[in-house]
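Here is the structure we will look at.
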2 protein chains.
Amino acid sequence: MTVSKAAEKSSEKPADAAKGRKDAGDVQAEALQLGELSEQLGYVLKRAQLKVFENFLRCMASLQLTPAQFSVLLLVEKNPGRNQTEIASTLGILRPNFVAMLDNLESRDLCARIRSTNDRRSHILVLTDKGKAVLSRAKKLVATKHEARLNDLLGQANREALIGMLSKIANEF
Amino acid sequence: MTVSKAAEKSSEKPADAAKGRKDAGDVQAEALQLGELSEQLGYVLKRAQLKVFENFLRCMASLQLTPAQFSVLLLVEKNPGRNQTEIASTLGILRPNFVAMLDNLESRDLCARIRSTNDRRSHILVLTDKGKAVLSRAKKLVATKHEARLNDLLGQANREALIGMLSKIANEF
DNA sequence: GATAATTGTTATGGACCATATCAAATAACG
DNA sequence: CGTTATTTGATATGGTCCATAACAATTATC
């Protein structure tokens, strides 16, 4: 397992990057054998995840939303009236790290912190009108450009099976 | 998409962490609705990957091997006589970042850098005897404690289908 | 033989993750 | 009530991983 990020920029391309030379009459530099690596769950899982995130960022370039930011907007929309701690922990984000993330979204007027009247310690999170509009456009982009790609690649049935298995791993492994 | 690491230590537990209180007669604090998030490829993929790496580290605790280190040892064993650039780029590791990694493995006497006689710029990578022994034990641990868990969870056929689909995503997405 | 390219390396900065700690507010409880 | 404990958002800080630029030594190119 390994494989770096490199989102947009070409950089490494794990699979066939290690060729070096191979133009005309060249003998050396056979492709390396991955061997058992290609059967390792963690390896292939990580590689797939990087590719998917990479594609996600490309699809969202016009909206400048990262996967994490998108997940926050989705969750806030689905769960109005929740505070930072609840939203963050549901996503597995630690509260300290969630602060800067919200600062970002709030500075872009995508969501807002509202002091709760019940508990004046907590900040209720809501989407702004702009946030709702952006999220709506984001959903469409994800559906048409991102998720649709899975269907093209695997087919509808396999796509659902894959999501199901990954969910099972995420919850029960 | 989001979900942090937290390998061993409990920390967050994305799924049901955001409950807060819920002991006796408590009304508040319903579980948050994940909504469309649970169908997002990237989200579930990342969550699964974190869980798998987490489990991998637990299984390898006795050998102190990370997924990345394991992949390096596997690849060096399978491809003897290759240099740092070739091994690193095949794994998607950038050369500068590969240096410290090799320093680590070499300091633990798991692999060695050998100056090539053909090209005195490059370092040929080989496993030491200890490295081979450790890798052998690592493989057994991974097979019996880690990968076997997938079969218990998904079944043999589904496990293979999953690996196949992930590989396809990693290579063609 | 001068110039370009490659290899391993160092230095450095960014992104993400995790812990400790704090002030403000609230809860628990004698 | 008042004291103590807990919770919330926040700051500071350190670690890990990822990415780029630059360098010396060596080799390739012409």
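So you know, we letter chains A, B, ... as the sequences are listed, proteins then strands, and number each from 1. Note that this is a predicted model, so its numbers are computed, not measured.
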(message) Taking 4.0 Å as the cut-off, does a side-chain nitrogen or oxygen of B/R95 come that near to OP1 or OP2 on D/dA22?
(response) no
(message) Is it the case that over 12 heavy atoms from other parts of the model lie below 6.0 angstrom from the CD atom of A/Q156?
(response) yes
(message) Counting only side-chain nitrogens and oxygens, does B/R121 get under 4.0 Å of the OP1 or OP2 atom of D/dA25?
(response) no
(request) Measure the distance from CG on B/N97 to P on C/dG8 and round it to the nearest whole Å. (result) 14 Å
(message) By the 4.0 Å heavy-atom rule, please label A/D119 as base, sugar-phosphate, or nothing.
(response) sugar-phosphate
(request) Identify the residue among B/R82, B/R113, B/E106, B/R115 that makes a side-chain hydrogen bond (donor to acceptor under 3.5 Å, both in side chains) with B/H123. (result) B/R115
(message) Need to verify one output field. Residue with the more 5' nearest nucleotide on DNA chain C, A/T117 or A/P96?
(response) A/P96
(request) Indicate yes or no: at least one non-hydrogen side-chain atom of A/L153 is less than 4.5 angstrom from one of A/R149. (result) no
(message) As a test of understanding, state which of A/V142, A/V52, A/N55 forms a side chain to side chain contact (heavy atoms under 4.5 Å, CB included) with B/L41.
(response) A/V52
(message) What is the distance, to the nearest angstrom, from the NZ atom on A/K46 to the C1' atom on D/dT16?
(response) 11 Å
(request) Rounded off to whole Å, could you give me the CD1-to-P distance for the A/I93 and C/dA15 pair? (result) 16 Å
(request) Identify, between A/S122 and B/R115, the residue whose nearest nucleotide on DNA chain D lies closer to the 5' end. (result) A/S122
(request) Considering just the side-chain nitrogens and oxygens of A/T85, establish if one lies under 4.0 Å of OP1 or OP2 belonging to D/dG9. (result) yes
